[in-house]
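Input: a single structure, listed below in structure tokens.
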There are 2 protein chains.
Amino acid sequence: MGITRSDLFSKQQNGLANMAKAIAHPARIAILQHLKKANSCICGDLVDELGLAQATISQHLKELKTAGLIQGTVEGTSVCYCIHPGNWKKFREQFAGFFTDVNLDSNTSCCS
Amino acid sequence: MGITRSDLFSKQQNGLANMAKAIAHPARIAILQHLKKANSCICGDLVDELGLAQATISQHLKELKTAGLIQGTVEGTSVCYCIHPGNWKKFREQFAGFFTDVNLDSNTSCCS
DNA sequence: TTCCTTTATTGCAATATTACGATAAAGATA
DNA sequence: TATCTTTATCGTAATATTGCAATAAAGGAA
């Protein structure tokens, strides 16, 4: 249907899925990589950097901000974006926690 | 448009975005958590475990298999799924690599 | 063989996402 | 004030995703 049955899953599961969704687009990956690399916060030059329209970039920035991954500061007529260090760390921890080692022992596992 | 302009981004960026997309749904998170916890590979009981229809589960399993996160073995009339340890590790490494620490120094950064 | 069980696939319908032009909003500048 | 620059939002079109009923496919069991 296009709608996700979030009611069937735990808060943690929905949360992690939403975190993944926040970075599930190459433009958002590129924006984050650029912000991280630049250290100094980039504003509108993201539009020049990536080849997407200004409206599209703005939309992606909004999603990243909603997810908590970035924050924006108005600087006169332009806006300065940067990574939100605290939430960035939370994302790392969540994914690291999820992808911990699998210890499949051959006795109980059907996969060799 | 609903279509993603993958042509504008690097292979690495598209790859990471696709990895994120693979786990960007609570049902797929739940399936992976269940497979990981069970160690022994669960087959059709995922349908009972989660509250989704069999067709829906099968579809999510297919996406996880396409992403390389799981593998399936036919066992008579049923199919036994389990986590693909090698790719699981690759996912972990990719996410860990992406979410490395930000060192924003206050000189070049506009965000306090 | 005929059922039964299990899983995959097909065919929708509904919602979500992506992209962009047009335009609004807000501040700087002449 | 009028204009320019920058960013956000609106409206719209196209594609993607999600979910499920129905059905097919493939083995096992009777």
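Protein chains get the first letters and strands the later ones, always in sequence-line order, with residue 1 at the start of each.
Side-chain atoms of B:Gln54 and base atoms of C:dA8 include a donor and an acceptor less than 3.5 Å apart. A donor-acceptor contact under 3.5 Å links the side chain of A:Thr77 to the base of D:dT5.
Residues B:Ile31 and B:His34 are not in side-chain contact: their nearest non-hydrogen atoms beyond the backbone lie 4.5 Å or more apart. A:Leu69 places a side-chain heavy atom less than 4.5 Å from the side chain of A:Ile23.
Rounded to an integer number of Å, the gap from CD of A:Glu49 to P of D:dT7 is 14 Å. Rounding to whole angstrom units, CG of residue B:Asp48 and P of C:dT6 are separated by 9 Å. Between the CD atom of A:Glu75 and the P atom of C:dG27 there is a distance of 14 Å, given to the nearest Å. The separation between A:Glu63 atom CD and C:dT17 atom P is 7 Å, rounded to whole Å. Here the C1' atom of nucleotide C:dT17 and the CD1 atom of A:Ile23 are 17 Å apart, to the nearest Å. The CD1-P distance, from A:Ile57 to C:dC20, rounds to 9 Å in whole Å. With rounding to whole Å, A:Lys62 atom NZ is found 7 Å from D:dT9 atom C1'. Counting to the nearest Å, the P atom of D:dT7 and the CG atom of A:Leu64 are 16 Å from each other.
A:Arg5 contributes no side-chain N or O that, together with a main-chain N or O of B:Pro26, makes up a donor-acceptor pair within less than 3.5 Å. Formation of a donor-acceptor pair under 3.5 Å by the B:Ser58 side chain with backbone atoms of B:Gln54 is not found in this model.
Map A:Ile3 and A:His25 each onto its nearest nucleotide of DNA chain C; the residue landing nearer the 5' end is A:Ile3. Residue B:Lys21 is the one, among B:Gly51 and B:Lys21, whose nearest nucleotide of DNA chain D lies closer to the 5' end (criterion: closest heavy atom). Across the interface with DNA chain D, nearest-nucleotide mapping of A:Ala55 and A:Leu8 shows A:Ala55 to be the residue nearer the 5′ end.
Put simply, B:His60 has a side-chain N or O that comes within less than 4.0 Å of OP1 or OP2 on D:dG19. Put simply, B:Tyr81 has no side-chain N or O that comes within less than 4.0 Å of OP1 or OP2 on C:dT6. Between D:dT6 and A:Ser78, no contact under 4.0 Å exists linking OP1 or OP2 to a side-chain N or O.
Of the candidate nucleotides D:dT9, C:dC20, D:dG19, D:dT9 has the atom nearest to the side chain of A:Ser58. Here the side chain of B:Thr56 is nearest to one of D:dG19, C:dA8, D:dT7, namely D:dG19.
Classified by interplanar angle (parallel below 30°, tilted 30° to 60°, perpendicular above 60°), the ring pair B:Phe99/A:Phe95 is parallel.
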